[in-house]
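Notes follow the structure.
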2 protein chains.
Amino acid sequence: MGEARTPGQRAGLTRESVLQAAHKLLIERGLDGLSMRGLATRLGVAPNAIYSHVANKTALVDELLDEVLAAVVVPDPDTTEANAGLVRIMTSSYTVLLDHPDLVPLYLARQGARGPHAQRLGDVMFALLAQAGVTGPAAHEARRVLIVYTIGFAALSTSAGPEPSEDRPLGSAELSGNFASGLQWLLTGILGA
Amino acid sequence: MGEARTPGQRAGLTRESVLQAAHKLLIERGLDGLSMRGLATRLGVAPNAIYSHVANKTALVDELLDEVLAAVVVPDPDTTEANAGLVRIMTSSYTVLLDHPDLVPLYLARQGARGPHAQRLGDVMFALLAQAGVTGPAAHEARRVLIVYTIGFAALSTSAGPEPSEDRPLGSAELSGNFASGLQWLLTGILGA
DNA sequence: TTGTTTATTGTACAGCGTTCAGCTAAATTG
DNA sequence: CAATTTAGCTGAACGCTGTACAATAAACAA
């Protein structure tokens, strides 16, 4: 650990290494544990060094949010039937979101990430809807509803629910079932019975 | 303004006056503008004086969240038909949430507030569902879905949507329509066609 | 009146995100 | 290859945050 750097010497950071370290830190310490200073320490670097690779903390988190969405499994809209495809994509999104509980409130606060991966998901959803004959404003409406529902449900699932003692802690299997039910109701309404 | 207080002298704060000032500050300055120090300044008091009336900032915000829900109009479950009643209560909730955009992400992060007003809403929803024959686990499931959908949609509505340039900024009337559509789909699924 | 509880202040701590100036290694240019 | 520019990094600092601790004075109880 005797690697004391003096001004001018480089640490070899990349945008990628910064994002990756931030991702790990987020998983280990949660959102509250993700500070620029903590990240800098983790990287063995002065706090402000990060600003050479990322504009600010907000931008960093934004990219993190989009990066997580890379794990969502996206069906091919040409070979998949609309209802089934949408169930798959939303369920996969839901699962991925559950893997990152601390991020979920952020998705909602920023309303769903804006990066390339989010774009990809949106495009596929759009294609699936079009395949089922849902286009134009109705498609936008439907997509919005599905996204909100999915993120929202993930938010509700990522901690003790609002009922403190009313019934048992409510296992994750049960929540997944709830999610699937509501999702199917929505899809039935969107695609027509 | 020459009212300099020395240690021991009282400012006459109450829990209510603190909460009320916090509420006003929140409306005027948004969530970022609501700091313990700013609130103290507003109250003409040292920052730590607030801690005599509220445990900490988290507790303060929690009570604020619940207080806002007091404005939700709740129909009488005995004289209101289930579908109509649920539409009314969810729409009113949605409207109230839209009046407090900065709070909405917090509702999601904390998953819907836990205070007495939230309890009241939950009870009425439960009664309406029961009236339509939805009871037991199905009722919990339905209520959860409706709450998530409503808060989630409010989150989506309280700022520029995820589509940057794709179409026009999407007016609030349009969003309300979207909300109503999705809500009706959910209710149809919940209550049966 | 005396004693106890409680609201308030002053002070302080540890942490945060971020900016600025300086240094120097690396990249670019001639 | 040498000169010059660019860019990654450090050190220091600013202003902000929530909150704990000890001292003080007002309110209340006996």
Side-chain angles (χ1 to χ4, degrees), chain A residues 1-26 28-65 102-103 105-106 109-110, chain B residues 1-26 28-65 102-103 105-106 109-110:
Chain A
M1 322 192 163
E3 34 179 325
R5 246 178 329 261
T6 59
Q9 294 189 314
R10 314 217 155 177
L13 295 186
T14 25
R15 178 190 192 78
E16 278 70 31
S17 68
V18 168
L19 286 176
Q20 180 183 328
H23 199 167
K24 283 175 64 178
L25 195 60
L26 183 76
E28 294 174 22
R29 297 265 205 284
L31 185 59
D32 292 345
L34 177 58
S35 69
M36 299 300 268
R37 298 178 115 99
L39 178 56
T41 302
R42 168 75 65 110
L43 289 164
V45 135
N48 39 0
I50 302 174
Y51 289 84
S52 296
H53 303 274
V54 159
N56 48 42
K57 190 182 180 180
T58 302
L60 195 167
V61 173
D62 274 337
E63 297 188 64
L64 240 39
L65 289 183
D102 294 303
L103 284 187
L106 281 183
R110 298 165 192 223
Chain B
M1 311 161 180
E3 34 178 326
R5 247 177 328 256
T6 59
Q9 293 188 312
R10 318 220 149 176
L13 296 186
T14 26
R15 179 191 192 78
E16 278 71 31
S17 69
V18 169
L19 286 176
Q20 180 185 327
H23 198 166
K24 282 177 63 179
L25 195 59
L26 183 78
E28 295 174 21
R29 297 267 203 282
L31 185 58
D32 292 346
L34 177 59
S35 69
M36 297 301 267
R37 297 178 113 97
L39 179 56
T41 301
R42 169 74 67 108
L43 288 163
V45 136
N48 39 4
I50 302 174
Y51 289 84
S52 296
H53 303 274
V54 159
N56 49 42
K57 190 183 180 179
T58 303
L60 195 166
V61 173
D62 274 337
E63 298 186 65
L64 240 39
L65 289 184
D102 295 302
L103 283 186
L106 282 182
R110 298 165 192 220

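These numbers come from a predicted model, not from an experiment. Worth knowing before you read on, the calculation uses all heavy atoms, side chains too, and leaves out hydrogens, waters and symmetry mates. Just so it is clear: chains get the letters A, B, ... in the order the sequence lines come, proteins before strands, and each one is counted from 1.
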(request) Would you tell me if any nitrogen or oxygen in the side chain of A/H53 comes within less than 4.0 Å of OP1 or OP2 on D/dC9? (result) yes
(message) Is there a side-chain contact between A/V45 and A/R5 in this structure, where contact means two heavy atoms from C-beta onward sitting under 4.5 Å apart?
(response) yes
(message) On the nucleotide D/dA26, are OP1 or OP2 found under 4.0 Å from the side-chain N or O atoms that B/Q9 carries?
(response) yes
(request) Send over the distance from B/I50 CD1 to C/dT9 C1', rounded to a whole Å. (result) 13 Å
(message) In this structure, how many angstroms lie between the P atom of C/dC13 and the CZ atom of B/R37, rounded?
(response) 13 Å
(message) So, under a plain 3.5 Å distance rule, would you say the side chain of A/R10 forms a donor-acceptor pair with the base of D/dA7?
(response) yes
(message) Just N and O in the side chain of A/R5: are any of them under 4.0 Å from OP1 or OP2 of D/dC9?
(response) no
(request) Would you mind telling me which residue lines up with the more 5' stretch of DNA chain D, A/N48 or B/G38, judged by nearest nucleotide? (result) A/N48
(request) Rounded off to whole Å, could you give me the CG-to-C1' distance for the A/L39 and C/dC16 pair? (result) 14 Å
(message) With rounding to the nearest 0.5 angstrom, report the CG to CG distance, B/L106 to B/L65.
(response) 5.5 Å
(message) Any heavy-atom pair between the side chains of B/E16 and B/Q20 that's under 4.5 Å?
(response) no
(request) Using atom CE of A/M36 as one end and atom C1' of D/dC14 as the other, report the distance to the nearest whole Å. (result) 17 Å
(request) Taking the side chain as every heavy atom from C-beta outward, state whether A/L60 and A/L39 have any pair of such atoms under 4.5 Å apart. (result) yes
(request) On DNA chain D, check which nucleotide each of B/P7 and B/N56 is closest to and give me the residue with the more 5' one. (result) B/N56
(request) Counting heavy atoms from C-beta on, name the nucleotide in C/dA7, D/dG18, C/dA26 closest to the side chain of B/Y51. (result) D/dG18
(message) Distance check needed: C/dC16 P versus A/L60 CG, whole Å only.
(response) 14 Å
(message) Just to be sure I understand the rule, does B/S35 reach a base, reach only the sugar-phosphate, or reach nothing, if contact means heavy atoms closer than 4.0 Å?
(response) sugar-phosphate
(request) Could you tell me the separation between the CG atom of B/L13 and the P atom of D/dA25, rounded to a whole number of Å? (result) 19 Å
(message) Heavy atoms only, 4.0 Å cut-off, all strands: where does A/A49 land among base, sugar-phosphate and nothing?
(response) base
(request) Nearest whole angstrom, please: distance from the C1' of C/dT19 to the NZ of A/K57. (result) 17 Å
(message) Any heavy-atom pair between the side chains of B/P47 and B/M36 that's under 4.5 Å?
(response) no
(request) Figure out the CG/P separation between A/D32 and C/dA14, and round it to whole Å. (result) 20 Å
